[in-house]
Amino acid sequence: MPTSYLEAVVLSHRGASDALEAAVAKAEQMSVPQCICIVDASGETIASLRMDGAKYLSMQTARAKARTAASIRNKTGGMTPEFAVAAGIATSGGVTNLPGGLPIKFGGRLAGAIGVGSGTGDQDIEVGKAALTAIGADSID
């Protein structure tokens with residue numbers, strides 16, 4: 001039997017907590033309050049937080065970014081405009097092309113994703129990358 005049927009990578013609640021803590025620390029260092037959502041590989045929320053001063057609607061976009069990144073197994077922000085609009089409508093906003101969603105992979109295997117929102121797209125990505133680095137996840141270009 002191929003090993004791909006035998007191996008799974010799981011993001012534990014401890015790993016999600018460590019990633020969340022690192023994301024908050026980076027956002028505080030940048031003085032940009034953020035909404036952060038961490039999901040497992042199926043898109044279910046493991047941990048989330050809205051920092052003081054973060055835009056309250058950004059919690060919804062952070063979750064959509066995380067779920068989208070987990071679903072497409074890639075960072076958000078790279079869809080064609082036509083596909084992004086169609087996917088957003090078809091999923092009632094559950095899929096988004098906004099930057100700030102990053103897959104959490106270990107050795108190329110998907111364990112979950114992080115979505116960050118309330119800053120600019122670049123700020124959201126920077127906070128997400130800090131979380132990935134803190135837990136030893138594969139880096140994202």
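- In terms of hydrophobic clustering, with Ile, Leu, Val, Met, Phe, Trp and Tyr side chains grouped at heavy-atom distances under 4.5 Å, M51 and I46 are assigned to a common cluster.
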Return a table of donor-acceptor pairs under 3.5 angstrom between the side chains of residues 86-104 and protein atoms on other chains or two or more places apart.
{"from": "T91", "atom 1": "OG1", "to": "A87", "atom 2": "O", "distance (Å)": "2.7"}
{"from": "T91", "atom 1": "OG1", "to": "G94", "atom 2": "N", "distance (Å)": "3.2"}
{"from": "T91", "atom 1": "OG1", "to": "V95", "atom 2": "N", "distance (Å)": "2.9"}
{"from": "T96", "atom 1": "OG1", "to": "L98", "atom 2": "N", "distance (Å)": "3.2"}
{"from": "N97", "atom 1": "OD1", "to": "G77", "atom 2": "N", "distance (Å)": "3.2"}
{"from": "N97", "atom 1": "OD1", "to": "G78", "atom 2": "N", "distance (Å)": "3.2"}
{"from": "N97", "atom 1": "OD1", "to": "M79", "atom 2": "N", "distance (Å)": "2.9"}
{"from": "N97", "atom 1": "ND2", "to": "M79", "atom 2": "O", "distance (Å)": "3.3"}

Please set out all donor-acceptor pairs under 3.5 angstrom arising from side-chain atoms of residues 128-136, sequence neighbours excluded.
{"from": "K129", "atom 1": "NZ", "to": "I140", "atom 2": "O", "distance (Å)": "3.4"}
{"from": "T133", "atom 1": "OG1", "to": "K129", "atom 2": "O", "distance (Å)": "3.1"}

Query raised in the report: Where do S48 and R63 land on the side-chain contact (heavy atoms from CB on, under 4.5 Å) test, with the steps shown first?
Result: CA-CA 8 Å; S48 65; R63 184 167 193 264; over 6 Å; no

Atom pairs and distances, side-chain donor-acceptor, residues 14-21, under 3.5 Å, sequence neighbours left out:
none

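- The line from CG of D141 to NZ of K75 is 6.5 Å long, rounded to the nearest 0.5 Å.
- Qualifying side chain to side chain contact (heavy atoms under 4.5 Å, CB included) partners for S71, counting only residues two or more places apart in sequence or in other chains: none.
- A distance of 8.0 Å separates CZ of R67 from OG of S42, quoted to the nearest 0.5 Å.
- The side chain to side chain contact (heavy atoms under 4.5 Å, CB included) search around S139 returns none, not counting sequence neighbours.
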Review item, side-chain donor-acceptor pairs of residues 112-125, under 3.5 Å, at least two apart:
{"from": "S118", "atom 1": "OG", "to": "K55", "atom 2": "N", "distance (Å)": "2.8"}
{"from": "T120", "atom 1": "OG1", "to": "Q123", "atom 2": "N", "distance (Å)": "3.1"}
{"from": "T120", "atom 1": "OG1", "to": "Q123", "atom 2": "OE1", "distance (Å)": "3.4"}
{"from": "Q123", "atom 1": "OE1", "to": "T120", "atom 2": "N", "distance (Å)": "2.8"}
{"from": "D124", "atom 1": "OD1", "to": "Q34", "atom 2": "NE2", "distance (Å)": "3.0"}
{"from": "D124", "atom 1": "OD1", "to": "G119", "atom 2": "N", "distance (Å)": "3.0"}
{"from": "D124", "atom 1": "OD2", "to": "K65", "atom 2": "NZ", "distance (Å)": "2.9"}

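- Of all the heavy atoms in V39 and A70, the pair that sits closest is CG2-CB, 4.1 Å.
- No continuous path of hydrophobic side-chain contacts links V24 to M59 [ILVMFWY only; heavy atoms under 4.5 Å].
- Closest of all the heavy-atom pairs between L110 and K105 is CA-CG, 4.0 Å.
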